[in-house]
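Below: one structure, written as structure tokens.
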Amino acid sequence: MNDESRSQKLQQIATLRDQLGHIKDVDILLENILTAARKIVNADAGSIYEYNESENKLKIKYTQNDTQQKRLSPGEKLPYVSFSMVATTHSISGYSTLYKKAVNIPDVYNMDEYLDAEKTELRPYNFDSYNDENTNYHTKSMLTLPLIMTNGKVLGILQIINSQDENGNVIPFSEESEFYVSYFAASVVQIYEYAYLTKQLVERLVKMANYRDPRETGAHVERVSCFSLEIYDRYAANKHIPEVERNKFRDNLKLAAKCHDVGKVAVADKVLKKQGLLDDDERAVMRGHICIGAQIFTPAESELDKMAFEVCLHHHDRWDGGFKGYPDNFDYMEYVPETKIPINNPQKLVGAEIPLAARIVSLADVYDALRHRRVYKDSWPLDYTLKEISKESGHQFDPEIVEAFFQVIDRIEAINRDLS
């Protein structure tokens, strides 16, 4: 590669890094890091893992495969994949994690028995062909490298597969390719660290609310967040929302959805921790959590604050404006914790006036509540849950959100099983 081509490649990396710098959610960032790394070296597929050092476990976060994606209809995603494994030197990703080394393999089905040219160090790892066999895909070249923080801690593993030449032929990852991906990975670690800390702050806020409410769990919050993202992605594809707008919205949504019930931190224990159904007066007090959540995010200092505010205040609004929702036609800043919200107050917003993020979280929250046991109810079977959501289309829920939900129900159920 000549000096001009090298300069162009470095400029491409700088541009991709700057684009990633605006992302706040660590999961969205990981997905985009994988996409960008593949673009830099024209790789057909790849995966990105998160590393839990205390448990010595790698958890796959995202997989991408252009060859398989082309077989799907527009707006459709590859099946949801999630698994964890102990990091050992017997796997390629585990070896890269534990030794903090890049591993560049020209052909995973024809690896040398030794790691060094002198043939003194046996290769401890092997390639697991299960996924290839299960998906009818052929992995050949593979580049695996760790994402390392400035303090030396491994945050995750980036693994990209099947580099391609300009004609689409699979080729090995060259030394230059390895350099560029390594350079890119090192340059985005600081962005990763910032997103990681942002996630920690949001999750601590959510955890504080969860400590107060024994009926909610961290798993519920994570599921609602993941469900919301899946629904939005399909909704955005259906509506042909531009990529830049879509990426910005989904980044904020992933975090804002986690905050939907933080206002419960100020609900009285006698209401919040009651075993069984609430009476009318208790429900009127519980309604106050939407105001407290909105107060927490006032004033809104960022786009994330604004969306979290909208989700907190409006995620119980009904599409048809019916009185079964949580009415908010009053000044939420005037609300005093542990007081009652008038039941017969009409909704301030109706239909498409309700913020999109709140409409999405509304459905995700109800779906999760129905599918899981609560102190006042057993979990609902999937078919009953889907019938209820279908029945409420145009009433409690935005019909277009319901449509998107049903289009991704297989992925949502897969996430539900994984995070339950």
Side-chain angles (χ1 to χ4, degrees), residues 27-28 31 62-63 68-82 219-243 245-247 249-250 252-254 256-258 260 307 310-311 314-322 324-325 350-374 377-420:
D27 289 338
I28 302 295
E31 183 180 13
Y62 292 98
T63 61
Q68 294 176 351
Q69 186 66 47
K70 290 172 184 175
R71 301 170 186 166
L72 304 178
S73 302
E76 193 176 351
K77 290 185 178 183
L78 295 171
Y80 176 79
V81 176
S82 179
H220 162 73
V221 169
E222 187 64 29
R223 287 192 301 266
V224 169
S225 176
C226 292
F227 299 160
S228 296
L229 193 64
E230 294 295 334
I231 294 168
Y232 174 72
D233 281 346
R234 187 66 208 207
Y235 172 88
N238 293 345
K239 303 286 283 186
H240 305 291
I241 294 174
E243 184 178 2
E245 180 183 345
R246 183 169 70 244
N247 288 339
F249 189 94
R250 69 198 300 268
N252 287 319
L253 178 63
K254 190 71 163 53
K258 293 182 179 181
H260 67 281
M307 187 178 288
E310 292 173 343
V311 166
H314 296 289
H315 73 281
H316 284 292
D317 284 5
R318 289 178 58 92
W319 175 259
D320 62 8
K324 293 181 181 179
V350 177
E353 296 173 339
I354 302 167
L356 176 59
R359 284 181 266 151
I360 292 170
V361 173
S362 172
L363 176 51
D365 188 30
V366 170
Y367 168 80
D368 192 69
L370 294 178
R371 291 290 283 133
H372 292 269
R373 186 180 182 279
R374 295 290 188 267
K377 60 170 276 298
D378 289 328
S379 61
W380 284 29
L382 177 60
D383 57 343
Y384 286 11
T385 302
L386 298 185
K387 286 178 183 177
E388 179 65 19
I389 290 172
S390 180
K391 184 184 75 174
E392 288 296 332
S393 178
H395 302 290
Q396 184 172 358
F397 306 121
D398 176 350
E400 291 185 324
I401 299 300
V402 173
E403 178 186 9
F405 166 81
F406 275 99
Q407 289 172 316
V408 295
I409 186 58
D410 288 346
R411 286 183 63 87
I412 287 178
E413 268 295 292
I415 294 169
N416 186 45
R417 289 190 295 270
D418 180 48
L419 297 180
S420 295

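Starting from 1, each residue takes its place in the sequence as its number. Scope of the values below: all heavy atoms of this structure, side chains included, with no hydrogens, waters or symmetry mates. No experiment lies behind these values; they were computed from the predicted model shown.
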State whether a side-chain donor-acceptor pair under 3.5 Å links Arg223 with His372.
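Side-chain D/A pair, Arg223 to His372: present.
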Name all residues meeting the side chain to side chain contact (heavy atoms under 4.5 Å, CB included) criterion together with [X]; count only those two or more places apart in sequence or in a different chain, and write none if there are none.
{"X": "Phe406", "answer": "Leu386, Ile389, Ser390, Val402"}
{"X": "Asp410", "answer": "none"}
{"X": "Ala237", "answer": "none"}

Closest approach of [X] and [Y], non-hydrogen atoms and distance?
{"X": "Ser393", "Y": "Pro399", "answer": "OG-CA, 3.4 Å"}
{"X": "Val311", "Y": "Ala357", "answer": "CG2-CB, 3.8 Å"}
{"X": "Arg246", "Y": "Tyr232", "answer": "CA-OH, 3.4 Å"}
{"X": "Arg234", "Y": "Pro74", "answer": "NH2-O, 3.7 Å"}
{"X": "Arg371", "Y": "Leu382", "answer": "NH1-N, 3.3 Å"}
{"X": "Tyr80", "Y": "Ala414", "answer": "CD2-CB, 3.7 Å"}

Is there a side-chain contact between [X] and [Y], using heavy atoms and a 4.5 Å cut-off?
{"X": "Met307", "Y": "Phe249", "answer": "yes"}
{"X": "Ile401", "Y": "Ile231", "answer": "yes"}
{"X": "Arg318", "Y": "Glu392", "answer": "yes"}
{"X": "Asn247", "Y": "Ile28", "answer": "no"}
{"X": "Leu253", "Y": "Val361", "answer": "yes"}
{"X": "Arg359", "Y": "His315", "answer": "no"}
{"X": "Glu388", "Y": "Trp380", "answer": "yes"}

Sorted by chain and number, sequence neighbours left out, ring pair (Phe, Tyr, Trp, His ring centres under 6.0 Å) with Phe405 holds for Tyr367
Hits for ring pair (Phe, Tyr, Trp, His ring centres under 6.0 Å) against Tyr62, two or more places apart or cross-chain, chain-then-number order -> none
Value rounded to 0.5 Å, distance of [atom1] in [X] from [atom2] in [Y]:
{"X": "Asp398", "Y": "Asp320", "atom1": "CG", "atom2": "CG", "value": "11.5 Å"}
{"X": "Ser420", "Y": "His220", "atom1": "OG", "atom2": "NE2", "value": "12.0 Å"}
{"X": "Leu370", "Y": "Asp378", "atom1": "CG", "atom2": "CG", "value": "12.5 Å"}
{"X": "Leu419", "Y": "Asp368", "atom1": "CG", "atom2": "CG", "value": "9.5 Å"}
{"X": "Glu310", "Y": "Asn252", "atom1": "CD", "atom2": "CG", "value": "10.0 Å"}

Point to revise | Option passing salt bridge (charged side-chain N to carboxylate O under 4.0 Å, His left out) with Glu31 (candidates Lys77, Lys254, Arg250) | key: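 Of Lys77, Lys254, Arg250, salt bridge (charged side-chain N to carboxylate O under 4.0 Å, His left out) with Glu31 is met by Arg250 alone.
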Kindly determine whether His316 and His260 satisfy ring pair (Phe, Tyr, Trp, His ring centres under 6.0 Å), including the steps that lead there. CA-CA 10 Å; His316 284 292; His260 67 281; 8.2 Å; no
Applying side chain to side chain donor-acceptor pair (under 3.5 Å) to Glu400 and not counting sequence neighbours gives Lys239
I'd like to know if the side chain of [X] and the backbone of [Y] have a donor-acceptor N/O pair within less than 3.5 Å.
{"X": "Glu230", "Y": "Phe227", "answer": "no"}
{"X": "Ser225", "Y": "Val221", "answer": "no"}
{"X": "Glu353", "Y": "Val350", "answer": "yes"}
{"X": "Ser362", "Y": "Ala358", "answer": "no"}

